[in-house]
Amino acid sequence: MATIVVLGAGLGGMSAAYEIRAAIGRDHRVIVVGESPRFSFTPSNPWVAVGWRTPADIEIEVAGPLGKQGIEYDGTGAERVEPAENRLRLRDGRSLAYDHLVICTGPRLAFDEVPGLGPEGGHSHSICTTPHAVKAWEAYQAFLRDPGPIVIGAAPGVSCFGPAYEFAMILDADLRKRKLRDRVPITYVTPEPYVGHMGLGGVGDSKGLLESELRQRHIKWITNARITELSPGLVKATEYDERGNGAREHELAHRFAMVMPPFTGVDAVRGVEGLVNPRGFVLIDKHQRHPTFPNVWSAGVCVAIPPVEPTVVPTGAPKTGFMIESMVTAIAHNLAAVLKGEAPAEVPTWNAICLADMGDTGAAFVALPQFPPRNVTWAKVGKWVHLAKVAFEKYFLAKMKSGNTEPIYEKYVLKALGIERLK
């Protein structure tokens with residue numbers, strides 16, 4: 001009997017545990033190591049930050065659903081991965097030996113890379129975690145009593161731009177509903193070379209589509225910008241020209257700011273020799289397997305993927321939800337093969353599907369595969385996207401409760417659209 005440890009209990013980790021269990025059967029031990037007794041649906045955090053959701057709406061208890069599938073849960077948290085010893089050190093001093101380790105930790109939020117960034121001792125808010133979104137909601141309620149300028153942005157090196165666009169437009173929609181929009185100038189500040197780049201080199205006409213949406217909502221934008229410092233009520237940023245020369249310095253006053261931080265690998269893997277790149281992201285081959293430690297696998301935001309293209313201000317490549325599910329499916333199939341003494345053969349497609357809510361409408365982006373050149377690429381706006389994202393939230397939470405990570409109707413609907421998880 002092999003022991004498979006899944007490190008991380010977020011979108012990637014929970015999906016990986018369920019799919020691995022389904023692929024390898026009940027003859028092997030599967031353990032999930034997380035940090036919280038509850039799973040939180042991260043894509044709904046922008047709604048939490050404006051009071052459209054509560055944490056209870058988007059969270060489920062972890063141990064019970066996993067247990068029904070014969071999966072153990074340990075909420076102690078990981079101190080250090082020791083791949084040479086096939087061991088995971090836990091934060092309570094215990095060690096957990098494994099035959100295979102699947103790393104799905106998500107990222108470390110590197111607020112420390114920009115002075116004054118972040119909700120803990122800094123001067124901006126975050127929607128990267130549900131506790132951060134709750135703190136943003138508390139600040140937003142105070143803001144509503146005395147509104148003023150808002151700055152939404154992304155720091156240099158950010159690889160997840162969708163939530164920033166979403167939050168800017170959700171704020172616009174919420175303020176219009178409250179009849180306060182006329183008192184709130186909103187500015188979007190980003191390292192992207194143009195609006196709609198999103199770390200992907202654009203998807204379809206995402207540039208024109210998102211520029212149009214921002215114009216209609218009277219949201220100003222600054223691109224090719226490096227946010228350099230945040231202080232109480234002020235965001236400082238340098239805007240660059242196409243040659244990388246500093247073109248303009250901005251000092252943006254605000255009464256509420258949300259800035260996406262750069263990501264690094266989490267502390268449990270950062271600096272582990274041979275396991276990760278200099279930023280702490282886990283190295284993988286085309287099968288989602290580590291090239292040096294063949295019993296280590298990884299999926300999600302924590303994997304090392306180079307930028308799609310060079311940009312004047314650094315931008316990272318995003319790892320979208322369906323792309324992560326593609327990685328997870330490949331790992332489950334390949335791990336099952338290895339346990340049978342076979343070579344891994346499955347390669348994930350890394351297809352990207354993104355539903356970006358805009359409060360009363362939304363934008364859908366499809367990139368097959370995620371990195372250009374692509375077989376399929378399109379972007380569309382419509383109220384149906386907002387409704388689709390609401391439905392997907394309920395649907396995904398139901399999947400996490402049931403352990404059925406690819407219900408039959410999802411499998412065949414996506415297949416009919418030409419969207420596959422595996423090549």
Side-chain angles (χ1 to χ4, degrees), residues 8-15 17-18 32-68 73-77 104-109 111 118-122 124-145 150 152 160 162-171 173-175 177-178 256-261 263 266 300-301 321 324 355-359 362 386-403:
L11 275 73
M14 289 286 284
S15 297
Y18 286 137
V32 174
V33 175
E35 298 182 338
S36 168
R38 302 188 70 79
F39 164 84
S40 184
F41 186 62
T42 302
S44 292
N45 285 338
W47 293 335
V48 173
V50 294
W52 294 3
R53 294 288 189 279
T54 67
D57 296 327
I58 65 167
E59 293 180 339
I60 63 168
E61 186 263 339
V62 170
L66 289 174
K68 290 178 182 178
Y73 182 68
D74 190 318
T76 307
C104 302
T105 60
R108 168 183 170 267
L109 306 176
F111 294 113
E120 306 296 337
S124 64
H125 293 283
S126 162
I127 51 173
C128 294
T129 71
T130 301
H132 285 170
V134 170
K135 193 167 184 177
W137 166 232
E138 293 168 353
Y140 184 58
Q141 291 176 83
F143 167 86
L144 292 172
R145 293 191 289 271
I150 287 177
I152 305 299
C160 191
Y165 282 110
E166 280 191 301
F167 194 53
M169 297 191 197
I170 286 171
L171 282 171
D174 187 71
L175 289 165
K177 290 176 183 176
R178 297 176 186 274
F256 184 95
M258 194 291 294
V259 177
M260 294 292 295
F263 294 162
V266 300
V301 180
I324 294 171
L355 301 176
D357 182 52
M358 297 177 180
H386 170 74
L387 298 174
K389 180 138 190 181
V390 172
F392 184 71
E393 172 196 63
K394 310 303 180 189
Y395 165 71
F396 197 89
L397 286 168
K399 287 205 301 182
M400 293 300 98
K401 289 178 183 177
S402 69

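Put simply, the side chain of S124 gets close to the backbone of G118: a donor and an acceptor are under 3.5 Å apart. In terms of modelled atom types and a separation under 3.5 Å, the side chain of E166 and the main chain of D357 share a donor-acceptor contact. In this structure a side-chain-to-backbone donor-acceptor pair under 3.5 Å is missing from Y73 to G67.
For the side-chain hydrogen bond (donor to acceptor under 3.5 Å, both in side chains) test, residues two or more places apart in sequence or in another chain that qualify with N45 are T130.
The side-chain heavy atoms of F396 and S15, taken from C-beta on, include a pair separated by under 4.5 Å. Annotation: side chain of V62 is not in contact with side chain of V32 (no heavy-atom distance under 4.5 Å). In this structure the side chain of W47 never reaches within 4.5 angstrom of the side chain of F41, judged on heavy atoms. At a threshold of 4.5 Å between non-hydrogen side-chain atoms, the residues I152 and M260 do not count as touching. For the pair S126 and F111, the minimum side-chain heavy-atom distance is below 4.5 Å. In this structure, I150 and M258 have side chains that are not in contact, with every pair of non-hydrogen atoms separated by 4.5 Å or more. Between T76 and V33 the shortest side-chain heavy-atom distance does not fall below 4.5 Å. Counting heavy atoms from C-beta on, the side chains of L11 and I324 never come closer than 4.5 Å.
One finds the CZ atom of R53 at 6.0 Å from the OG atom of S44 (value rounded to the nearest 0.5 Å). Between the CE atom of M358 and the OH atom of Y165 there is a distance of 10.0 Å, given to the nearest 0.5 Å. Here NE2 of H132 is found 12.0 Å from OG1 of T42. Values are rounded to the nearest 0.5 Å.
Counting only residues at least two apart or in different chains, salt bridge (charged side-chain N to carboxylate O under 4.0 Å, His left out) contacts with residues 124-137 comprise E120-K135. Pairs engaging residues 56-68 under the salt bridge (charged side-chain N to carboxylate O under 4.0 Å, His left out) rule: R38-E59 [sequence neighbours left out].
Figure legend: K177 and W52 shown as a cation-pi pair, the cationic atom lying under 6.0 angstrom from the six-membered ring centre and within 45 degrees of its axis.
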Practice item. Starting from the C-alpha separation in whole Å, work towards a yes-or-no answer on side-chain contact (heavy atoms from CB on, under 4.5 Å) for T105 and V301. Key: CA-CA 8 Å; T105 60; V301 180; over 6 Å; no
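Closest approach of G106 and V266 over heavy atoms only: O-CG1, 3.5 Å.
A ring-centre distance under 6.0 Å is not found for F143 and H125.
For NZ of K401, the number of neighbouring non-hydrogen atoms (other residues, nucleotides, ligands) closer than 6.0 Å is 12 at most.
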